[in-house]
Q: 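Before I ask anything, let me first share the structure, which is written out below as structure tokens.
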Amino acid sequence: MRGHSVHVTGNIGAQQRTALVYDLSIVGTVGLPASYGGFETLAEHLVLHFAQRYHVQVFCTSKRRQDRPLQYLGADLSYVSLDANGWQSICYDIVSLWRAGRRTRTLLVLGVSGCIFLPIIRLIAPRVRIVTHIDGLEWKRRKWGHIARAVLHLSERIAVRYSHAVIADNQAIREYVDHAYGIGSYLIAYGGDNGSEGDLASRVSLDTSFTPGTYFLTVCRIEPENNIAEILEAFQQTPGQRLVIVGNWSASNFSRQLRQRYRTLPNIELLDPIYDRARLAVLRHGARAYVHGHSAGGTNPSLVEAMSAGMAVLAFDVKYNRYTTNDEAIYWKSSAELARIVSTVSEEELKKNGGKMFEYAKHAYTWAKVVAQYEAVLFPKTEI
């Protein structure tokens, strides 16, 4: 059901255009087109499925973007001149919420950074339905200082209290919300079937110099809670095993120090971020298995994409990862244990595990299922 037009105009460059009362505004992503991470891919799939039936608006950062299209896949794009990540993310989300709150019917807030502002939204726009995806307990991440953790924890509490519905992407997050706040939440994961990756992979070359079928693969942000140091140490201990890690090696002192320490090892390749799906697809199809080190957060998009590609998974042993992999991955708790696994695991075992991962992902992590679940939460039938 399309939203209705109202005669509110705003300047975009030298142009003026009629604004809409939107059925849905999405806040908290870097923006579209998706070329960054899980929230952006989620927003793109929601737009792809919703924009023909609903008026949708997505807020985007204008930082480091030369092209700023006004629409994408039928959704309107609205720009904020603040960074969507780091310390500016709180201000970015607050500005987005302020601009969206008074002319939308439903707000989808991805992450809790700006949720400290939700009480104001409830005050000035009491009829707006607020749905918040609380992400992966951001305040617990080791990269934040004490003040930032306190602010993020407060934002999480406010998000849970002032949202009409809360989305958790992992059963462990859902259990946390129930235990910490005594409320129910909607369990909605991510999709991993991002198109015909086999066809995509056939049209690009391999980024790594390693021969297909000879290396393990990791794709993630280079942060302490992702156990990158432990993964690298494990492969340093096993020079006969090859590893490719794709990540943001210039983002912090931690990532730069790791790159400096391990960049000369002949069995390890450290690749810069790759956002092109075809290039990621060819890396996945050429790998023996996927090594997943995340210890904080919920359902990680890169993990479900690896599972959907039929990759065997060697996952750090925490409940988030056990829930995501249906307790059927190969688990490790230390660099020594990971080193032992990569040195001894057979190709037959990896193939069998990859089959299990694929079958579960085919059931649990399809975008068709995810979008249908979001539609039921964002647009309850009683409100349509």
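Treat the numbers as computed from the prediction; the structure is a model and nothing was measured.
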Q: At what distance, to the nearest 0.5 angstrom, does CG of D327 lie from OH of Y360?
A: 10.0 Å
Q: Determine yes or no for a side-chain-to-main-chain donor-acceptor pair under 3.5 angstrom, with S295 supplying the side chain and E225 the backbone.
A: yes
Q: Would you say the side-chain atoms of N300 pair up with the backbone N or O of S302, donor to acceptor, closer than 3.5 Å?
A: yes
Q: Write down the atom of F379, the atom of D23, and the distance for their closest heavy-atom approach.
A: CE2-O, 3.7 Å
Q: Under 3.5 Å, side chain of R103 to main-chain N/O of V21, donor-acceptor pair present?
A: no
Q: If only atom types and distance count, is the side chain of T61 paired as donor or acceptor with the main-chain N or O of L82 below 3.5 Å?
A: yes
Q: Where is the tightest heavy-atom contact between A329 and N353, given as atom of each residue plus distance?
A: CA-ND2, 3.7 Å
Q: Indicate yes or no for a side-chain donor-acceptor contact from E40 to the backbone of V30 under 3.5 Å, with no hydrogens or angles considered.
A: yes
Q: Identify whether I167 and L187 are in the same connected component of the hydrophobic contact network (ILVMFWY, side-chain heavy atoms under 4.5 Å).
A: no
Q: What's the separation between atom CD in E337 and atom CG in L314, rounded to the nearest 0.5 Å?
A: 10.5 Å
Q: Mind running side chain to side chain contact (heavy atoms under 4.5 Å, CB included) on L107 and L118 for me, showing each step along the way?
A: CA-CA 11 Å; L107 267 171; L118 289 188; 5.5 Å; no
Q: Below 4.0 angstrom, N of the basic side chain to O of the carboxylate: do E269 and R242 qualify?
A: no
Q: Test side chain to side chain contact (heavy atoms under 4.5 Å, CB included) on E305 and R284 and set out the steps.
A: CA-CA 9 Å; E305 289 173 3; R284 292 191 189 105; 2.7 Å; yes
Q: Check H55, Q71, Q57 against D76 for a side-chain hydrogen bond (donor to acceptor under 3.5 Å, both in side chains) and give me the one that passes.
A: Q71
Q: Hey, would you say the F235 and Y262 ring centroids sit under 6.0 Å apart?
A: no
Q: Quickly, which of N321, D317, T325 forms a side-chain hydrogen bond (donor to acceptor under 3.5 Å, both in side chains) with Y331? Name it, please.
A: T325
Q: Is there side-chain contact between V112 and D135, with at least one heavy-atom pair below 4.5 Å?
A: no
Q: Can you give me the closest heavy-atom contact between A251 and R256, atom names plus distance?
A: C-NH1, 4.0 Å
Q: In sequence, state the C-alpha distance, the side-chain angles, and the governing distance for Y374 and F50, and then conclude on ring-ring contact (aromatic ring centres under 6.0 Å, His included).
A: CA-CA 10 Å; Y374 267 94; F50 291 163; 8.1 Å; no
Q: With a 4.5 Å heavy-atom cut-off, do V109 and C115 have their side chains touching?
A: yes
Q: Taking the six-membered ring for Trp and the full ring for Phe, Tyr or His, determine whether the centres of Y22 and Y54 are under 6.0 Å apart.
A: no
Q: Tell me which one of Q171, E175, R174 satisfies side-chain hydrogen bond (donor to acceptor under 3.5 Å, both in side chains) with Y323.
A: E175
Q: Going through the checks in order, is the salt bridge (Lys or Arg N to Asp or Glu O under 4.0 Å) test met by E359 and K356?
A: CA-CA 5 Å; E359 288 301 320; K356 290 181 179 179; over 6 Å; no
Q: Find the distance between CD (Q237) and CG (L338) and round it off to the nearest 0.5 Å.
A: 9.0 Å
Q: Has the side chain of R129 got a donor or acceptor atom that lies under 3.5 Å from a matching backbone atom of V377?
A: yes
Q: Provide the closest heavy-atom pair for F210 versus I268 in the form atom of the first, atom of the second, distance.
A: CZ-N, 4.0 Å
Q: Would you name the heavy atoms of L378 and T106 that are closest together and state the gap between them?
A: O-OG1, 3.5 Å
Q: Can you check side chain to side chain contact (heavy atoms under 4.5 Å, CB included) on I90 and F117, steps first, answer last?
A: CA-CA 9 Å; I90 296 176; F117 195 67; over 6 Å; no
Q: With side chain to side chain contact (heavy atoms under 4.5 Å, CB included) as the criterion, how do L271 and R279 come out once you've worked through the C-alpha distance, each side chain's angles and the decisive distance to 0.1 Å?
A: CA-CA 12 Å; L271 302 182; R279 292 171 62 198; over 6 Å; no
Q: Indicate yes or no for a side-chain donor-acceptor contact from E349 to the backbone of V345 under 3.5 Å, with no hydrogens or angles considered.
A: no
Q: Where do I228 and C220 come nearest, in terms of heavy atoms and distance?
A: CD1-SG, 3.1 Å
Q: In sequence, state the C-alpha distance, the side-chain angles, and the governing distance for T299 and Y365, and then conclude on side-chain hydrogen bond (donor to acceptor under 3.5 Å, both in side chains).
A: CA-CA 10 Å; T299 296; Y365 304 125; 5.0 Å; no
Q: Is it true that L217 and F358 fall in one hydrophobic cluster, defined by side-chain heavy atoms closer than 4.5 Å?
A: no
Q: Would the distance check show the side chain of N248 and the main-chain N or O of P273 forming a donor-acceptor pair, the cut-off being under 3.5 Å?
A: no
Q: Would a distance-only check, ignoring hydrogens and angles, find a side-chain to backbone donor-acceptor pair under 3.5 Å from S96 to Y92?
A: yes
Q: Could you walk me through whether K63 and D83 pass the salt bridge (Lys or Arg N to Asp or Glu O under 4.0 Å) check?
A: CA-CA 6 Å; K63 293 291 187 179; D83 202 321; over 6 Å; no
Q: Please check if any side-chain donor atom of S255 sits under 3.5 Å from a side-chain acceptor atom of R221, or the reverse.
A: no
Q: For R122 and Y162, indicate whether the former's side chain and the latter's backbone hold a donor-acceptor pair under 3.5 Å.
A: yes
